[in-house]
Amino acid sequence: MPGLVIIGAQWGDEGKGKITDYLAEDAEMVVRFQGGNNAGHTIIVDGKTFKLQALPSGVLRPDKTAVIGNGVVINMEEMEGEIKRIVDAGGSIANLKISDRAHLIMNYHKKLDGAEEKYRGNKPVGTTKKGIGPAYQDKISRIGFRVGDLYEEDLLKEKISFMIPYKKDLLDMMDAEKCECTNGSLFAKMMRWRDMVDGLVCDTSVLINDALDAGKKIVFEGAQGAMLDIDHGTYPYVTSSSTCAGGACTGAGVAPKKIDSVIGCLKAYTTRVGEGPMVTEMEGEEEEELQRLGGEFGVVTGRGRRCGWLDLVQAEHSTRLSGFTSIAITKIDVLCGYKEVKVCTAYEIDGDVIRHFPASLSKIEAAKPVYKTMKGWEGWNDTAEVVRNGYEALPEEMRSYISLIEESLKVPVDIVSVGPGREETIVRRNPWHS
Ligand code: GDP
Ligand code: IMO
Ligand code: MG
């Protein structure tokens, strides 16, 4: 059966874009199902770097259909710029489809995102300020604009006349940047958005299900990561969507029985952008060193990513929530800078040893990592030989590290990514053939 979901197993930026692009080679369709342009997925093809935010990674393969599902929130103005960038760089949106049920991120959502962060004072979430939270708030409050509304002019006018005074009052109340638009200017802008996406909008759930029923292979490309999930992440330091595998069903309109494989994309160490707890976080020069070795700077905001050792307590949490059938481990090459590597196998909280990730923020903040130290693969850099000769050509120490992950999570590491390029990927068992 042909439905394969790719999920970030940590706090995002695990290399989902690269793995999606790799597995998309054998697929017909790539579907985004949650998040929006808070995501930044890097894909390197023939030495050329593409950074995708709202667009699915399928746009880099012109023979694939790329779908923005109903669970995504779309900023039309910023997507226009992204489309232009991708097309200029050689990508294609000829086969892009957009759900008529997807919600729109409006300018006032971005302003509110900034204002809410300011209101939180010394406890901001550290959002991307893309308006993601406020757009999902409106969706849940049942007042959001949907892509399909662009085609119903009377309904649109009615919604605009409700929305503008409401959001202006809200922005005033929050002492935020003002919203200058009028009913007429917003309507005109939205008509321009309609022209931009005309011909691309449809009921994508029907499209996806028809393809699955015809036996076509589909990659569901997750954004963010399990620890940023609105229900299961380090709340309130999370994003506003369901980033675990279940989100693919609601966010794309497919039944759970149509999902066969769930790939957990796991970086060989931990990173996090924004605020919130991270038990294995390093400090000072040690952190700067890993940040430098891994090139850990955010795609969307350019912020330095916080860095730390791999956390198997956290990874077990993600594995359970999404039921990974395979792990794709990424950036393991980056750790070749170390004589010894550490892996967190448990937390110590107030004298107790804990192996499950707690819900309580204060417990997570109090947790001390219990580390297992392993011999590293310092100096290894023969990616070319590994690409030629496969898994067995990896250094023994790296294979022991991978075995520890497999034994702890009870999931096979089927893919090992040893560099950012498409070809720098070792497949031990192809998830499409399982
Ligand atoms: P995503 O948001 O999960 O798609 O990940 P990002 O693109 O934000 O961050 C991953 C970064 O690591 C990008 O710069 C990728 O080009 C790079 N990358 C992906 N896989 C590997 C790998 O195996 N090794 C190295 N060295 N870099 C990688
Ligand atoms: P990809 O798909 C890493 C983080 C933000 C912030 C929190 C909430 O590239 O892995 P939001 O703007 O979503 O309300 O911010 O979530 N965040 C990400 N961190 N990778 C991402 O996406 C992220 N998208 C959001 O930094 O801490
Ligand atoms: Mg990213």
Side-chain angles (χ1 to χ4, degrees), residues 6-22 32 34-45 47-54 56-57 72-73 75 105 109-110 112-114 116-117 124-137 221-230 233-241 243 264-278 293-306 328-337 381 383 386-387 415-426:
I6 295 177
I7 295 294
Q10 292 146 315
W11 276 279
D13 304 326
E14 299 90 348
K16 298 174 295 293
K18 170 186 162 160
I19 300 298
T20 300
D21 170 69
Y22 185 86
R32 274 282 305 269
Q34 45 70 231
N37 61 338
N38 49 348
H41 295 181
T42 316
I43 298 163
I44 301 179
V45 186
K48 213 157 148 188
T49 302
F50 297 84
K51 291 177 189 290
L52 297 169
Q53 292 188 244
S57 295
V72 175
V73 284
N75 183 320
I105 302 175
H109 289 138
K110 284 184 71 172
L112 287 166
D113 196 348
E116 283 179 11
E117 283 286 83
V125 172
T127 74
T128 58
K129 303 222 175 99
K130 290 288 180 189
I132 303 294
Y136 278 119
Q137 282 168 26
E221 177 183 11
Q224 289 81 53
M227 305 313 290
L228 292 171
D229 186 275
I230 186 70
T234 46
Y235 192 90
Y237 298 101
V238 292
T239 191
S240 302
S241 65
T243 59
C265 199
L266 184 77
K267 198 182 279 191
Y269 49 94
T270 309
T271 62
R272 169 163 208 172
V273 201
E275 303 303 320
M278 173 177 156
L293 290 169
E296 296 296 350
F297 295 91
V299 173
V300 178
T301 58
R303 291 177 290 182
R305 295 175 183 149
R306 298 156 60 193
I329 187 154
T330 60
K331 302 193 88 162
I332 199 161
D333 52 301
V334 170
L335 294 182
C336 72
N381 66 355
T383 312
V386 167
V387 168
I415 298 175
V416 183
S417 172
V418 291
R422 244 182 207 171
E423 66 297 343
E424 293 170 307
T425 314
I426 302 164

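Start at 1 and go down the list; that is how both ligands and their atoms are numbered.
Every atom of ligand 2 is numbered from 1 in the order shown, and the set under 4.0 Å from a heavy atom of Ala223 is 2 (O). Listed by number with element, the atoms of ligand 2 under 4.0 angstrom from any heavy atom of Gly274 are 27 (O). Listed by number with element, the atoms of ligand 1 under 4.0 Å from a non-hydrogen atom of Val299 are 8 (O). Each of the following atoms of ligand 2 lies closer than 4.0 Å to a heavy atom of Trp11: 3 (C), 19 (N). Heavy-atom contacts of Glu14 reach the following atoms of ligand 1: 3 (O), 5 (O) (cutoff under 4.0 Å). Listed by atom number, the atoms of ligand 1 under 4.0 Å from Ser417 heavy atoms are 20 (N), 21 (C), 22 (C), 23 (O). The Gly40 neighbourhood of ligand 2 comprises atoms 1 (P), 9 (O), with distances under 4.0 Å to a heavy atom of that residue. Close approach of ligand 1 to His41 is summarised as follows: ligand atoms under 4.0 Å from at least one heavy atom of the residue are 1 (P), 2 (O), 4 (O), 7 (O). The ligand atoms of ligand 2 that sit less than 4.0 angstrom from a heavy atom of Ala39 are 1 (P), 2 (O), 9 (O), 22 (O). Of all atoms in ligand 1, listed by their number and element, those nearer than 4.0 Å to a heavy atom of Gly17 are 4 (O). Atoms of ligand 1 lying under 4.0 Å from at least one heavy atom of Lys18, given by number and element, are 20 (N).
For atom 26 (O) of ligand 2, the closest non-hydrogen atom on the protein side is Arg303 NH2, 2.9 Å. For atom 27 (O) of ligand 2, the closest heavy atom belonging to the protein is Val273 O, 3.1 Å. Looking only at heavy atoms of the protein, atom 13 (O) of ligand 2 is closest to Thr239 OG1, 2.6 Å.
An N or O contact shorter than 3.5 Å is missing between Ile44 and ligand 1 by distance. Close N/O approach between Val334 and ligand 1 is not found [any backbone or side-chain N/O within under 3.5 Å]. Polar contact with ligand 2: present for Lys16 (N/O pair, distance under 3.5 Å). Residue Asp13 has at least one nitrogen or oxygen atom sitting less than 3.5 Å from a nitrogen or oxygen atom of ligand 2, judged on distance alone. By the 3.5 Å distance cut-off applied to N or O atoms, Thr42 is counted among the residues near ligand 1. For ligand 1, the polar-atom distance check finds an N/O of Gly419 within less than 3.5 Å of one of the ligand's N/O atoms. Considering backbone and side-chain atoms together, Gly15 places an N or O closer than 3.5 Å to an N or O of ligand 1. In terms of polar-atom proximity, Gly133 is not counted as a contact of ligand 2, lacking any N or O under 3.5 Å from an N or O of the ligand.
Panel note: side chain Glu424, backbone Val387; no donor-acceptor pair is recorded below 3.5 Å. Between the side chain of Thr425 and the backbone N or O of Arg422 there is at least one donor-acceptor pair closer than 3.5 Å. The backbone N or O of Ile132 sits nowhere less than 3.5 Å from a side-chain atom of Ser240 that would complete a donor-acceptor pair. In this structure, Lys331 contributes its side chain and Pro420 its backbone to no donor-acceptor pair below 3.5 Å. The backbone N or O of Lys129 lies less than 3.5 Å from a partner atom in the side chain of Thr127, making a donor-acceptor pair. At least one donor-acceptor pair closer than 3.5 Å links the side chain of Gln34 to the backbone N or O of Ala223. A donor-acceptor pair under 3.5 Å is formed between the side chain of Glu14 and the backbone N or O of Gly12.
Among Val300, Asn38, Thr127, Leu228, the residue whose heavy atom sits closest to atom 17 (N) of ligand 2 is Leu228. The heavy atom nearest to atom 9 (O) of ligand 1, considering only Glu221, Gln224, Arg305, Gln53, is found in Arg305. Considering each of Gly421, Pro420, Ala39, the one bringing a non-hydrogen atom nearest atom 18 (N) of ligand 1 is Pro420. If you check each of Lys51, Gln224, His41 against atom 21 (C) of ligand 2, the one with the closest non-hydrogen atom is Gln224. For atom 27 (N) of ligand 1, the candidate residues are Glu424, Lys331, Lys16; the nearest heavy-atom contact is made by Lys331.
The closest approach between any non-hydrogen atom of Gly126 and ligand 2 is below 4.0 Å. The shortest heavy-atom distance from Gly225 to ligand 2 is not under 4.0 Å. The shell of residues lying under 4.0 angstrom from ligand 1, judged by heavy atoms, includes Gly40.
Looking at Asp13 and Lys267, no side-chain N of the basic residue comes within less than 4.0 Å of a carboxylate O on the acidic one, giving no salt bridge. Comment: Glu296 does not engage Arg303 in a salt bridge, judged by the lack of any side-chain N to carboxylate O separation of less than 4.0 angstrom.
At a heavy-atom cutoff of 4.0 Å, ligand 1 is contacted by no atom of Gln10, backbone or side chain. With a 4.0 Å heavy-atom cut-off, ligand 1 is reached by the side chain of Asp333 but not by its N, CA, C or O. The proximity of Arg272 to ligand 2, defined as any non-hydrogen pair under 4.0 Å, does not occur for either the backbone or the side chain. Residue contacts with ligand 2 for Thr128 involve both N, CA, C or O and side-chain atoms from C-beta outward (heavy atoms, distance under 4.0 Å). No part of Thr49 comes within 4.0 Å of ligand 1, judged by heavy-atom distances. Contacts between Tyr237 and ligand 2 below 4.0 angstrom, taking non-hydrogen atoms only, are absent altogether. Contacts between Lys130 and ligand 2 below 4.0 angstrom, taking non-hydrogen atoms only, are absent altogether. For Val238, every heavy-atom contact with ligand 2 shorter than 4.0 Å involves the backbone, none the side chain.
The OH atom of Tyr269 lies 9.5 Å from the CD atom of Gln10; values are rounded to the nearest 0.5 Å. Here Thr239 contributes atom OG1 and Lys130 contributes atom NZ; the two are 13.0 Å apart, rounded to the nearest 0.5 Å. Taken from CD1 in Ile19 to OG in Ser417, the straight-line distance is 5.0 Å, to the nearest 0.5 Å.
Each of Lys51, Gln53, Glu221 was scored for a side chain to side chain donor-acceptor pair (under 3.5 Å) with His41, with one residue passing: Glu221. Looking at Val72, Val73, Asp113, Asn38 one by one, the single match for side-chain contact (heavy atoms from CB on, under 4.5 Å) with Ile105 turns out to be Val73.
Residue-and-atom listing of protein N/O/S atoms under 2.8 Å from the Mg ion (ligand 3), sorted by chain and number: Asp13 OD1, Gly40 O.
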### Query
Does the pair Thr42 and Thr49 meet the rule for a side-chain contact (heavy atoms from CB on, under 4.5 Å), with working shown?
CA-CA 7 Å; Thr42 316; Thr49 302; 3.7 Å; yes

